[in-house]
Amino acid sequence: MYIVFLGAPGAGKGTQAVVVAQELKLAHIATGDLFRQAQAEGTELGLQAKSYMEKGMLVPDEITIKMVLERLSAPDYGNGVILDGFPRNLDQAKALDKAFLEQGKTINKVVYIKVDEGELLDRLSGRWICRNCQTPYHATVNPPKVEGKCDRCGGELYQRPDDTAETVKERLKVYFSQTAPLIDYYTRGGKLWEVDGKGELADVAKRIVAAIKEDNA
Ligand code: AMP
C-alpha cells in the first residue's frame with residue numbers, strides 16, 4: 001500500500017504520518033526529514049539542499065526525485081509506505097507515476113489534510129522538533145510531557161530554522177503555487193481523500209485511518 005500525505009506546511013502531515021504509520025504498520029518516508037538528516041550528517045545531498053531549505057524554496061526536482069526513488073527501491077516495505085512531503089509539484093507527481101508504472105506499483109490513496117490558512121501560521125510558529133528522531137510537537141496543541149524533551153526518545157527539541165515568520169510565508173507561497181495543484185491532479189485520478197485536519201491530534205488520526213481503510217470508490 002502506497003499512501004501520499006498532501007497538505008500545506010503546518011497541516012500536520014509529519015505528526016499524523018508518525019501516528020498513522022505506527023498504527024497501520026507502514027514505513028514513513030518524509031523528504032524534509034531526509035534532507036535535514038543529510039544536513040546533520042554533512043553529506044553532499046545535505047549541502048545541495050541547504051540553501052533552498054533556508055529560503056523556504058523547493059529543492060530541485062532532479063535531486064529530490066532521485067533521493068525518493070532510491071528510498072522506494074528497497075525490496076520490502078511490508079505493509080507499505082506513507083510518503084510525507086513528496087510529491088510537492090506536478091513534475092514530481094508525474095515522475096512518481098512513471099516510476100511506479102514501470103515497477104508495477106500504484107499509489108493507493110492520497111490523503112489531503114485540510115487546515116485553514118490562518119491556522120497554519122499559528123501551528124508553524126509553535127512547532128518544536130526532536131533533533132534525534134524528528135518527532136514534531138506543538139507548544140500548545142501537542143506539547144511534550146517534559147519541556148524541551150522528546151516523549152519517544154528523550155532527544156532535545158528545537159525549532160526549525162525554516163519556521164521563522166519570513167521563511168514560513170515563502171513556504172506557504174510555494175505550497176499554494178506549486179503543491180496545491182496536486183489536489184486537482186489526484187482528484188482527477190480518483191485517488192484523493194480529503195480529511196479535516198482541525199481538532200485534536202487523535203481525532204484527526206482516526207479520520208485519516210478511516211479514510212485509508214475505506215474502499216476505493
Ligand atoms: P518539510 O519538512 O516537509 O516541511 O520540508 C522542509 C523543506 O525541505 C521544504 O521547505 C523544502 O525546501 C524541502 N523539501 C521537502 N520535500 C521536498 C520536495 N518533495 N521537493 C522539494 N523540496 C522539498
Side-chain angles (χ1 to χ4, degrees), residues 2-18 20-21 28-41 43-72 81-100 107 110-113 115 117 119-138 157-183 185-186 197:
Y2 291 90
I3 309 289
V4 169
F5 275 18
L6 190 62
K13 294 187 302 295
T15 308
Q16 292 297 338
V18 170
V20 173
H28 172 203
I29 297 179
T31 40
D33 287 351
L34 293 177
F35 286 133
R36 278 183 290 277
Q37 198 183 342
Q39 273 175 47
E41 289 165 359
T43 65
E44 178 68 26
L45 174 70
L47 268 177
Q48 286 172 324
K50 191 167 187 283
S51 63
Y52 299 99
M53 291 177 79
E54 279 172 354
K55 296 190 198 102
M57 293 163 65
L58 295 186
V59 176
D61 284 347
E62 60 270 26
I63 300 172
T64 308
I65 291 167
K66 181 167 173 276
M67 173 182 79
V68 173
L69 294 184
E70 264 170 29
R71 274 279 158 153
L72 282 171
V81 174
I82 294 176
L83 275 175
D84 157 16
F86 183 92
R88 240 172 163 108
N89 62 28
L90 271 174
D91 285 341
Q92 292 181 7
K94 287 178 183 164
L96 184 63
D97 282 349
K98 182 169 174 280
F100 270 12
I107 295 171
V110 176
V111 177
Y112 166 43
I113 306 176
V115 170
E117 208 180 323
E119 202 174 322
L120 297 171
L121 279 170
D122 173 52
R123 287 191 183 194
L124 291 166
S125 59
R127 181 154 79 169
W128 289 82
I129 315 276
C130 173
R131 208 179 276 287
N132 181 44
C133 73
Q134 319 293 331
T135 300
Y137 297 87
H138 187 278
L157 303 187
Y158 78 111
Q159 285 203 288
R160 277 173 44 175
D162 60 345
D163 277 349
T164 56
E166 201 171 313
T167 316
V168 160
K169 256 193 241 153
E170 180 61 25
R171 287 164 60 208
L172 287 174
K173 211 168 91 188
V174 167
Y175 169 77
F176 286 109
S177 62
Q178 300 195 45
T179 312
L182 294 181
I183 297 169
Y185 179 77
Y186 287 121

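Numbers here are sequence positions counted from 1. What you see is a predicted model, and the numbers here were worked out from it, not measured in a lab. All ligand and atom numbering here is 1-based and tracks the order in the structure.
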Open item on the list: With a heavy-atom distance limit of 4.0 Å, tell me whether Leu58 approaches ligand 1 through its side chain, its backbone, both, or neither.
Closed with: both
Of the protein's non-hydrogen atoms, which lies at the shortest distance from [atom], and what is that distance?
atom	answer
atom 4 (O) of ligand 1	Arg160 NH2, 3.0 Å
atom 19 (N) of ligand 1	Gly85 O, 2.8 Å
atom 22 (N) of ligand 1	Val59 N, 3.0 Å

Relative to the heavy atoms of [X], which atoms of ligand 1 are at a distance of less than 4.0 Å?
X	value
Gln92	18 (C), 19 (N), 20 (N), 21 (C)
Arg36	2 (O), 6 (C)
Thr31	15 (C), 16 (N), 17 (C), 19 (N)
Met57	11 (C), 12 (O)
Thr64	18 (C), 19 (N), 20 (N), 21 (C)

Are [X] and [Y] ion-paired here, with the side-chain N under 4.0 Å from a carboxylate O?
X	Y	value
Glu62	Lys66	no
Glu170	Lys173	yes
Asp33	Arg36	yes

Task: Check: Thr31 and Met67 side chains under 4.5 Å, non-hydrogen atoms - done: yes
- [ ] For the residue pair Leu182 and Val4, establish whether any side-chain heavy-atom pair is separated by less than 4.5 Å.
- [x] no
Closer than 3.5 angstrom, by distance alone: can the side chain of [X] be matched with the main-chain N or O of [Y] as a donor-acceptor pair?
X	Y	result
Gln16	Gly12	no
Lys13	Phe5	no
Thr135	Cys130	no

- [ ] Return yes or no for this condition: an N or O of Phe86 is under 3.5 Å from an N or O of ligand 1.
- [x] no
Open item on the list: Minimum distance, heavy atoms only, to atom 15 (C) of ligand 1: which one of Arg88, Lys50, Arg171, Met53 is it?
Closed with: Arg88
Open item on the list: I want to confirm something. Looking only at heavy atoms, which of Phe35, Tyr175, Tyr52 is nearest to atom 13 (C) of ligand 1?
Closed with: Phe35
